[in-house]
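A short write-up of the structure that comes next.
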Amino acid sequence: MNLNNFQERLNQEILQRGFNYYRENRVMKSYNEDNFIVQGSEDYEVIVKVDETGNITYSACDCPYDFGPICKHEAAVYFKLMEAEYEGEMVGKKKPAVFELLNDLSKEELVEILMDMTKQDPKFGEKLVFKYAKVNEINLLDQCKKLVSSIVKEHKGREGYISRRNAYAFVVAFEELMEKIRDTEDALLAIDIGLLVLDEGMKAFQYVDDSDGDIGYLVDETIGLIGKRAMACNPLDLDLRIEIFNKLLKYGDRRIFEGWENFKLKLLEICEEFSDIEVVRKKYRAKLEKLIKEESDDAYSN
């Protein structure tokens, strides 16, 4: 596989997610030229070795993805390396014809192209507005709810069920919402968006064939992002931290976690971050003691 043809060889969903990471500048050089750090719900180390002709001779990532040979983090690095190649840092080659074409178009011509694409695919227009429109934070959560509803409706179709074959595409459709969790300045709002995605992810176990673990991945990734935003709060803002703790603790009591105690426990682990606050620590301890009593017959949960 070469930097000039990897886009033809990779799974298109992986390719798109990798491109999104690259476009968002989530790829950073690490301690040598072959090592990169890609920022996601966590920071993952990617090693990619390329020879003088652009052939990818080695590629690996330490993320848990195991549903294919190449993950989205590796794909993001490929795009980064391809960018470097075009800039002359590696092997000098010409830019793709499409890139040259778009780069030479005027703003008006690009707008016309996007408008035509929106007419052909209204959902493309909705996603474009969601991603780039400047909206106030009061309306953002409502927009997120509408987008979730739109994603579910689109992928469920008339059957009301999503097959194993289409499960991954369904998960990928949530990427725009995942970006909002990462980038929304208001931590509490970001966590509300995260819980919105988590809620649909848990429900999706009932209407998606998750044989390949795509829904489990979405839920895990979402909980990881919620934890990341929760832990990034100002440690001196006690009111905010207590509010987040109470929100997560209450959410963990929802019936959607019945049969999925592992996800409930992961959410509870985030709550532990706030146990340096005395009132939180007492409430957290009482919650754990109650759970131990309730689950005394279940060795795993205990």
Side-chain angles (χ1 to χ4, degrees), residues 11-14 16-17 40-41 63-68 71-72 123 126-127 130 140-182 190-230 247-271 287 290-291 294-295 297-302:
N11 174 286
Q12 290 303 302
E13 302 295 349
I14 287 289
Q16 183 60 54
R17 297 181 77 177
S41 57
C63 78
Y65 178 78
D66 60 358
F67 303 118
C71 70
K72 62 182 178 181
K123 289 186 175 62
E126 291 175 9
K127 292 179 180 179
F130 180 79
L140 181 56
L141 192 58
D142 285 337
Q143 287 199 1
C144 290
K145 290 177 181 177
K146 290 178 182 177
L147 183 58
V148 169
S149 179
S150 174
I151 291 170
V152 173
K153 184 178 180 181
E154 176 185 357
H155 288 82
K156 266 189 176 181
R158 295 179 180 178
E159 299 80 10
Y161 186 76
I162 300 174
S163 67
R164 172 183 176 183
R165 180 180 179 182
N166 297 321
Y168 188 75
F170 171 71
V171 169
V172 170
F174 281 86
E175 186 58 37
E176 299 291 343
L177 287 150
M178 305 299 267
E179 287 180 27
K180 293 296 182 184
I181 302 172
R182 297 184 192 101
I191 288 171
D192 281 337
I193 297 171
L195 294 177
L196 179 68
V197 175
L198 179 58
D199 194 56
E200 196 58 49
M202 295 302 301
K203 291 177 183 175
F205 282 118
Q206 305 301 318
Y207 62 80
V208 179
D209 181 343
D210 194 39
S211 300
D212 291 334
D214 296 310
I215 301 303
Y217 173 82
L218 174 65
V219 171
D220 260 333
E221 186 90 351
T222 305
I223 292 175
L225 285 174
I226 291 172
K228 198 168 187 179
R229 291 308 308 263
K247 183 182 289 287
L248 296 181
L249 199 68
K250 182 179 179 181
Y251 188 87
D253 285 333
R254 299 191 64 175
R255 294 184 63 183
I256 57 173
F257 290 108
E258 289 181 5
W260 300 98
E261 281 74 17
N262 56 325
F263 294 128
K264 178 175 182 174
L265 292 174
K266 287 182 180 181
L267 204 62
L268 280 174
E269 282 183 34
I270 300 172
C271 294
K287 179 66 174 178
K290 181 183 177 184
L291 286 173
E294 290 174 349
E295 306 289 346
D297 294 333
D298 185 332
Y300 172 78
S301 295
N302 204 317

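All of these numbers come straight from a predicted model, not from anything done at the bench. Sequential numbering from 1 along the given sequence is applied to the chain's residues.
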Under the salt bridge (Lys or Arg N to Asp or Glu O under 4.0 Å) test, which residues partner [X], sequence neighbours left out?
{"X": "Asp210", "answer": "none"}
{"X": "Lys146", "answer": "none"}
{"X": "Arg165", "answer": "none"}

Would you say [X] and [Y] make side-chain contact, with heavy atoms under 4.5 Å?
{"X": "Asn11", "Y": "Tyr168", "result": "yes"}
{"X": "Val197", "Y": "Leu218", "result": "yes"}
{"X": "Lys203", "Y": "Val152", "result": "no"}
{"X": "Val208", "Y": "Val171", "result": "no"}
{"X": "Leu267", "Y": "Ile270", "result": "yes"}
{"X": "Phe174", "Y": "Leu147", "result": "no"}

First locate atom [atom1] of [X], then atom [atom2] of [Y], and finally report the distance between them rounded to the nearest 0.5 Å.
{"X": "Glu179", "Y": "Leu225", "atom1": "CD", "atom2": "CG", "value": "11.0 Å"}
{"X": "Glu200", "Y": "Thr222", "atom1": "CD", "atom2": "OG1", "value": "11.0 Å"}
{"X": "Gln206", "Y": "Ile215", "atom1": "CD", "atom2": "CD1", "value": "11.0 Å"}
{"X": "Leu268", "Y": "Glu261", "atom1": "CG", "atom2": "CD", "value": "11.0 Å"}

Review point. Between Tyr251 and Phe257, what is the ring plane arrangement, given parallel below 30°, perpendicular above 60°, and tilted in between?
Key: perpendicular
Practice item. Name the orientation class of the two ring planes belonging to Phe170 and His155 (parallel below 30°, tilted from 30 to 60°, perpendicular beyond 60°). Key: perpendicular
Over all atoms of both residues, closest heavy-atom pair of [X] and [Y]:
{"X": "Arg164", "Y": "Ser211", "answer": "CD-CB, 3.8 Å"}
{"X": "Cys271", "Y": "Leu248", "answer": "SG-CB, 3.8 Å"}
{"X": "Ile151", "Y": "Ala173", "answer": "CD1-O, 3.2 Å"}
{"X": "Leu140", "Y": "Ile193", "answer": "CD2-CD1, 4.0 Å"}

Between [Y] and [X], is the closest basic N to carboxylate O distance under 4.0 Å?
{"X": "Arg182", "Y": "Glu175", "answer": "yes"}
{"X": "Lys72", "Y": "Glu221", "answer": "yes"}
{"X": "Asp199", "Y": "Lys145", "answer": "no"}

Practice item. Any chance you could lay out the side chain to side chain contact (heavy atoms under 4.5 Å, CB included) test for Trp260 and Val219, step after step, and finish with the verdict? Key: CA-CA 11 Å; Trp260 300 98; Val219 171; over 6 Å; no
Polar side-chain atom of [X] near backbone of [Y] as donor-acceptor pair, under 3.5 Å:
{"X": "Asp212", "Y": "Asp214", "result": "no"}
{"X": "Tyr161", "Y": "Asp209", "result": "yes"}
{"X": "Arg229", "Y": "Ile181", "result": "yes"}

**Study point:** side chain to side chain contact (heavy atoms under 4.5 Å, CB included) assessment of Lys266 paired with Ile226
**Key:** CA-CA 11 Å; Lys266 287 182 180 181; Ile226 291 172; over 6 Å; no
